[in-house]
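All remarks here apply to the structure that follows.
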Amino acid sequence: MTEEGEELSKNALKKKLKAEKAAAAKAEKEAKRAAEAANNPKAENEEEMDPSQFKANREAAVKALKENGEDPYPHKFHVDYRLPDYCEEFMSKTEDGEHLDTSVSIAGRIVSVRGQGKLYFYDIRGDGAKVQVMSGLQMYAEGEEAFHKIHHKLKRGDIIGVKGFPGKSKKGELSIFPTYIELLSPCLHMLPFAKGDSNLGGITNMETRYRQRYLDLIVNNDVRNTFIVRSQVINGIRKYLDDRHFIEVETPMMNMIPGGAVARPFVTYHNDLSMDLYLRIAPELYLKMLVIGGLDRVYELGRQFRNEGIDLTHNPEFTTLEFYMAYADYNDLMTMCEEMVSGMVKQITGSYKIKYVPKPGAKEIEIDFEPPFKRIPMMEGLEEAMKDKLPELDDPEVEEKLIAILAKHGVECTPPHTTARLLDALVGEFLESDIINPTFITEHPQIMSPLAKYHRTKKHLTERFELFVAGRELANAYTELNDPAVQYELFLEQAKASSAGDDEAMITDDGFVTALEHGLPPTGGFGLGVDRFTMFLTNKNNIKEVLLFPAMKPTDDQLDFLAKNKAKRAEDRS
Amino acid sequence: MRFIVALHMMTMWASVARTRAFLLARSTRGTLVTSRFMSSEIEEQIKIKGDQIRQLKSDGVDKETLAPYIAELLALKTQLPSDEAPATVATATKPKKQPPPKQNQQRKNEPQPELSNSELRQIRLQKVQAMRDTGINPFEYTFDVSHTASQLSALYQDKLEPGEEDGSGVTIATAGRILTRRVFGKLAFFTIQDETGILQLQLDQNRLADNFQTLKDWTDGGDIIGVTGTMRRTDKGELTLWCNSWKMLTKALLPLPDKFHGLQDVTKRYRQRHVDLIVNSNVKDTFRKRAQISSQIRRFLDDRGFLEMDTPVLNSVPGGAEAKPFETYHNALDLELTMRIATELHLKRLIIGGFEKVYEMGRIFRNEGISTRHNPEFTSIELYQAYADYHDMMDLTEELVCELALKVCGTLTVPYGEHQISFERPWRRVTMHDIVKERMNFDFAELQDGDEASLSKARAAATAAGVPDVASLPTMGQILNACFEELCEPECIQPTFVIDYPVEVSPLAKPHRTKAGLTERFELFAVGREHANSFSELTDPVDQRIRFEAQAAKKAAGDEEACDGQSLYIEYFVQAAKVQSMPLPGPGTALS
C-alpha cells in the first residue's frame, strides 16, 4: 500500500509538472505549429515529436480535411470480415507472394507504418488479430493522386477501412492488397507502441494502464485475454447453474438495511424519498426470501459494494456469485463447489494445474485444482496446527484464554477482542496462510457465522465451509439457518457486539426474521468471488488487473472539474 | 417506457428495498377474526354456495359464468379463521378442488376463536417445542427429492385409471409447502406446492401408523414437509401421492395469507415478496420468463461475437446520459462518488481499446421519483458495434426481438389487448417527417427552418391538429417532435422504427450524413410505446467536446481518440415485458 501511495503522489507530481509544461508550450507555439502543420504535415519525424506538438499537428490536419469538405469521421464503412475471421478464412486459401481475385472489406487500427513512395505497409489490429496492409500504387483503383493523398493522411493510431484482395507477402505474411483505403477515425494523440509491434513496446506505467484502459488494451495484447477469461468464467458459472435448473434473478442494490454480510456499506441519499439508502454488501437475505417464496434454486451474479480500503485483493465494487438451493446442505455444496470450480479451471486452462504468482515478486507456485479438495475442520485443524488446546466456546472466560493463546504465539489482533475476531486472527495465522491447493476450512463456530445453521451434532459449531486457495478466500457457503427464533437471538448477539465497538457486526433485520417465520426450506447457500477466481485463472495478483476500470483516485484535473461542478450546483441552488 | 407488467415487476423490487423500515417493528397486523357463532354461520353459507356451484357445473355451465360464484365462495372462506382457510389452491378453472366444509373443521375451530399473528406464532412455537421434546428436528438439514411436482404430472400423464395405484414399485420422494390440509379421522388429503407446481398427497393411518397422529398434531398450512410414497389416481381421477412416510422439514411460524386478501394488499405484496411468490404462482412464472429472456439475449449476442463487459457502478465523474445521479462517499479514499446513470462512456472506451462488439446488461441508477414508470434502479442493456450504423442496428434489433419471440413465446404473432402484434420482418421504417405528414397532412419538410413565418405556420398546424402547448416551443424540431409524440406515437401499434430525429431533441446522436438538421437516430415503437433508442455514435471528438461543454456534462471522455461505433440502448425490462405480457392471455396477464 505504502509503495503504491508513494508512486501515486510521485506520479501526480510528475503529471502536474508535465501538464504545466505542455500547456505553456502549447500556448506559445500553437498558432505557429498549426500553420506549419497545414503547410507541411510530414516535415518532421513524427515519432520523435513532442506529444502536444503531434496533437496540434493532427488537429490542424483534421480541421483542414473538414474545410476541404472531406469527412474525417464517416458514418459507416461496410466490413465483410472481422480481422480474426479474415485470418481464419484466408490463411489457408492464399499462397506466398500471391493474392486472390475477389475483393473484400476489412477495418482496424493502424499499429505500425512502414514504407513510402509507391509501396506502403501498415499493420492493422482489431478484435485481437493483426493483418498487414500492403498498398501499392498499381493496384490502387482511384489512381495516383488519390493514392498519395490517402497515404499522406494516415498516421499510426488511425482507424482505417480497406477494400482489397486477400493474399500473402513473399515472406508468407497474411496481407490485404488494397484497391481502396478510407480514413474512418483519426487518432489525435501519439499512440504508445504496442508490445511486439516494435522493440519500444508496451505501457508499463500502472496509472496509465488502469486510467486509460483503452490504451492498455490497444498496446498490451495479453490484457485482452485477461478479460476474455473473465467472460469465460462468468459464462461457465451461468452454464453450470442453468444446466441444474437454477434461475438467475436480480435483487436490489440499494437497501434500507445493509444485510447478509459484515462490512462497512456505502451510504447514498434518495432525493425524492428523502432517505438514506445503503449499497448492498451481499444479496444473501433477498435471495433467501426468494427461496422462502418457492423459487427453490436461485442465483445472482452481480456487483457488491464495500466501503473499505483498496489493496491487492480489494476494490470498492466487486462481482460475486451467490446461489441458494432448497433441500441441499453444506456437504452437497462442497461437492458442487469442487465440480464447478475445478471444472472451469480445466475447461478454461486445459488442465487442473495452474501456475500462479501469489504476490508481486514472489516465487511462482503450482496450484492443483483436481478434486476432491482437502477438508480441515476449523477448530480441530487449529489445535493441530498450534499444537495447543483451545478453550471451550461456552467457557465464560473464553476471551481471556484466547488472548493468552494469541500472546503466546505472537499473533496480533486489533480490538475489540471478541471471540470471533480472536479466532479469526488465529485461523488467519495458522490455517489460511499455509494453504496452496484448494482446501475447505469447515465447521466454523456459530459466533463467527450468524447466518449459518448450527451443526447437527457438534455443539457451538455451524455447517459452514470456506474455500481457500493460495492463502486467499475464494468461496463461502453453509447450510442456511432457518429457525427464526435462533436467527433472532443471533442478530441480538450481533447487535451486542456492535455496541461493544465491533463495527463489522451484522445489523439486525426484523423483516428477514419475519420472512423466516413463513418457513425457509432446508437450504444450502454458496458465494464465490468472481474477481478472485479470475485472478487465479489469469495469473494476476492484483485485483485491478481483472477489472476493466478499477477504482482510482481522481486525477488533479478531475478533482478541479468536480470542485467547479459542485460550486456551480451550490450556486444554482441558492 | 412502458409495459405495465414489467414496471410492476421492477417496481416491486424497489419497494422491497424502500419499505423494509415498516417491517422493523415486528408485525402484529390484525387478522381475520370471526366469532365462533359467525364462523359456523359462514360455513353454512359456504355449504350452500358450494352446492350451488356443483349444481351449475353438472348443468354444464361454462367457466366464465361460474367464476363469480367461485369468487363469492372463496371470499366466504377467507372469513374463516385463517389457520383453517383452505383457499389457496383454488383457481377459477378447478373448482372441484374446493373441499366441502366438514364437521371436524367446526370442531377444530373451537379452541382458537380469535387469533392474532402473535398468538398463532405462539401456538406454532408450542408445536416446535413438542417436536423437539420427542427428539424430532422441526428445522431439518436436508432432504433428497426424487421428483418435482411437474415431473410427476408429466410422468403420469394419461397413465393410471381412476382408483389405480402405480404397481411398478417406484418410490417417490418429494417436498413442498403445505397449501391445504383436509383431515377426516383416519384419512387426510394435503396439497403441497414446490417450485414447479402443486401435488395432492393422500395420508392415512394404515400406511403411516403412529406418524399419522403426529402429522395431525404438528402440521399447519405453510409448513414445508418431505414425503415418500407411491403414485395413484383417486376415484375422482386426481393424481395423488399416497404417502408411506412424512417428515417435517421446516415448521412455519406464521400462516400463509389467503390468496384474495393478499392480492388486494398491493403494498404488502411488494414488501413481502416471498409471501407474494408463495401465494401467486404466476409471479414465479414472471421471474422465470425474465431469467429466460435475459439468458436468450446473452446467447443471441454471444453467438454474434459480442463480449459481455462489467464496467464500474461507482464513478468519480458521472456521464453518458442526462439524469440526476445518486451520490456516495468512499471513506478510505476520502472521495465523493456517483453511481452510474448509463454504461455508455465506459463501453465506448472499450471499443476504442479494440473490442469491436461489446455489451453490458446491468443495473443503472437514477435519483428520480418512484412511479410505475420509473424505479431508482433498473436494468438496461447497451451494446456497441464498431463499423456499424443505425441501419445495421435496426436489423440487429429485428433479429433479436424475433428470436426472443420465437424462443420464449414460440410464435412471431402475439396477442396484446385487442391487437395482434406481428413481429414478422421487415418492420416498417419511417422518418419522423413522413409519419407526421401522413397523420397531419402537413409537411414540415417544406418549411424554412429558423424562419419566424414558418415557425408560426408550424405552430398553427400543430394547434389545429390538437397538439397542446406548442406556443412555448422555440424550434421547428421541437414542434415536429411534439406533433409526433402527441399524434403518432400512440398509433404505432405494430413494430415501427421511427428514424431521423431533429438534432434539437437528440443531443448525443451523430448528424445525418445527408439531411441537414437531422440526426442518424431511431426509436422503436410498438403498441403505442417506445422500446429502444439507438443512434450512430458521435465519433468526432471536437464535436463531442462542444456538445459536452454545452451540456456542462464533462470533459474527460471522448477527447483522447475516437472510433466509429454504434449503440443500441434498450431499456431491458421493457423488452422483457413485451414478450412475456403479450403471449399469455388469461391468468398470465392478470398483473396488467
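The backbone N or O of Ser295(B) sits nowhere less than 3.5 Å from a side-chain atom of Arg238(A) that would complete a donor-acceptor pair. No donor-acceptor distance shorter than 3.5 angstrom exists from the side chain of Asp389(B) to the backbone of Lys76(A), with no hydrogens or angles considered. Not a single donor-acceptor pair under 3.5 Å links the side chain of His75(A) to the backbone N or O of Ala388(B). Arg109(A) contributes a side-chain N or O that, together with a main-chain N or O of Ile352(B), makes up a donor-acceptor pair within less than 3.5 Å.
Atom NE2 in His330(B) sits 4.5 Å away from atom CZ in Phe266(A) (nearest 0.5 Å). Expressed to the nearest 0.5 Å, how far OH of Tyr387(B) lies from OG of Ser185(A) amounts to 9.0 Å. Atom-to-atom distance recorded for Glu517(A):CD and Arg124(B):CZ is 10.5 Å, nearest 0.5 angstrom. Rounding to the nearest 0.5 Å gives a distance of 12.0 Å between CG of Asp144(B) and OH of Tyr327(A). The line from CZ of Arg230(A) to CG of Leu307(B) is 12.5 Å long, rounded to the nearest 0.5 Å. Put simply, CG on Leu337(B) and CZ on Phe305(A) are 11.0 Å apart, with the number rounded to the nearest 0.5 Å.
At least one side-chain heavy atom of Tyr454(A) sits less than 4.5 Å from a side-chain heavy atom of Phe139(B). Counting heavy atoms from C-beta outward, Phe326(B) and Met254(A) have side chains that approach closer than 4.5 Å. Contact annotation: the side chain of Val291(A) never approaches that of Glu195(B) to less than 4.5 Å [non-hydrogen atoms, C-beta and beyond].
The most heavy-atom pairs under 4.5 Å with chain A, out of Ala175(B), Gly222(B), Gly362(B), come from Ala175(B). If you tally non-hydrogen atom pairs under 4.5 Å between each of Asn307(A), Asp329(A), Leu548(A) and chain B, the highest count goes to Asn307(A). Chain A forms the most heavy-atom pairs under 4.5 Å with one residue out of Leu333(B), Leu249(B), Leu125(B), Asn331(B), and that residue is Asn331(B). Heavy-atom pairs under 4.5 Å with chain B peak, among Leu520(A), Asp216(A), Asp332(A), at Leu520(A). Chain B forms the most heavy-atom pairs under 4.5 Å with one residue out of Val79(A), Thr479(A), Val267(A), and that residue is Val267(A). Of the listed residues (Ser231(A), Pro72(A), Ala107(A)), the greatest number of heavy-atom pairs within a distance under 4.5 Å of chain B belongs to Ala107(A). Looking only at heavy-atom pairs under 4.5 Å with chain B, the residue among Thr319(A), Ile247(A), Asn271(A), Ile234(A) that has the most is Asn271(A). Ranked by non-hydrogen atom pairs under 4.5 Å with chain B, the options Ala328(A), Gly519(A), Pro316(A) are led by Gly519(A).
Salt-bridge check for Arg224(A) with Glu356(B): failed, with every basic side-chain N at 4.0 Å or more from each acidic carboxylate O. Using a cutoff of 4.0 Å between basic side-chain nitrogens and carboxylate oxygens, Asp483(A) and Lys251(B) are not scored as salt-bridged.
Heavy-atom distances place no part of Asp334(B) under 4.5 Å from chain A, backbone and side chain included. Looking at Asp223(B), neither its backbone nor its side chain comes within 4.5 Å of chain A, counting heavy atoms on both sides. Contacts between Leu335(B) and chain A at a heavy-atom distance below 4.5 Å involve the side chain alone, from C-beta outward. With a threshold of 4.5 angstrom between heavy atoms, Val313(B) approaches chain A through its backbone and through its side chain. For Glu463(A), the part sitting under 4.5 Å from any heavy atom of chain B is the side chain, from C-beta outward, and nothing else. Heavy atoms of His512(B) lying under 4.5 Å from chain A belong exclusively to its backbone.
Nearest heavy-atom pair, Pro522(A) versus Thr250(B), reported as atom, atom and distance to 0.1 Å: CD-OG1, 3.4 Å. Of all heavy-atom pairs spanning Gly353(B) and Leu217(A), the tightest one is O-CB, 3.3 Å. Leu253(B) and Pro484(A) get closest at one heavy-atom pair: CD1-CG, 3.2 Å. Scanning both residues, Asn367(B) and Asp272(A), for their nearest heavy atoms gives OD1-N, 4.4 Å.
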Less than 3.5 Å apart, which donor and acceptor atoms pair up between the side chains of residues 293-301 of chain A and the rest of the protein, not counting sequence neighbours?
| from | atom 1 | to | atom 2 | distance (Å) |
| --- | --- | --- | --- | --- |
| Arg297(A) | NH1 | Arg244(A) | O | 2.9 |
| Tyr299(A) | OH | Asp242(A) | OD1 | 2.9 |
| Tyr299(A) | OH | Glu248(A) | OE1 | 3.4 |
| Glu300(A) | OE1 | Thr251(A) | N | 3.1 |
| Glu300(A) | OE1 | Thr251(A) | OG1 | 2.6 |
| Glu300(A) | OE2 | Thr251(A) | N | 3.1 |
| Glu300(A) | OE2 | Arg280(A) | NH1 | 2.9 |
| Glu300(A) | OE2 | Arg280(A) | NH2 | 3.3 |
| Glu300(A) | OE2 | Arg363(B) | NH2 | 3.4 |

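With a 6.0 Å radius and a threshold of 12 heavy atoms from other residues, nucleotides or ligands, Arg456(A) has its CZ atom above the threshold.
Partners of Pro312(B) according to the side chain to side chain contact (heavy atoms under 4.5 Å, CB included) rule, which considers only residues two or more places apart in sequence or in another chain, are Glu317(A), Phe549(A), Asn315(B), His346(B).
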> Step by step, would you call Arg349(B) with Gln212(A) a side chain to side chain contact (heavy atoms under 4.5 Å, CB included)?
Replying inline: CA-CA 9 Å; Arg349(B) 280 181 198 153; Gln212(A) 296 183 294; over 6 Å; no
> Should Glu360(B) and Arg303(A) be marked as a salt bridge (charged side-chain N to carboxylate O under 4.0 Å, His left out) after you check the CA-CA gap, both sets of side-chain angles, and the distance that decides it?
Replying inline: CA-CA 13 Å; Glu360(B) 179 160 11; Arg303(A) 221 68 64 83; 3.3 Å; yes
>> Apply salt bridge (charged side-chain N to carboxylate O under 4.0 Å, His left out) to residues Arg513(B) and Asp71(A) and explain how you reach the verdict.
In response: CA-CA 10 Å; Arg513(B) 61 195 87 175; Asp71(A) 186 359; over 6 Å; no
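With a 6.0 Å cutoff to the six-membered ring centre and a 45° limit on the axis angle, Lys453(A) counts as a cation-pi contact of Tyr141(B).
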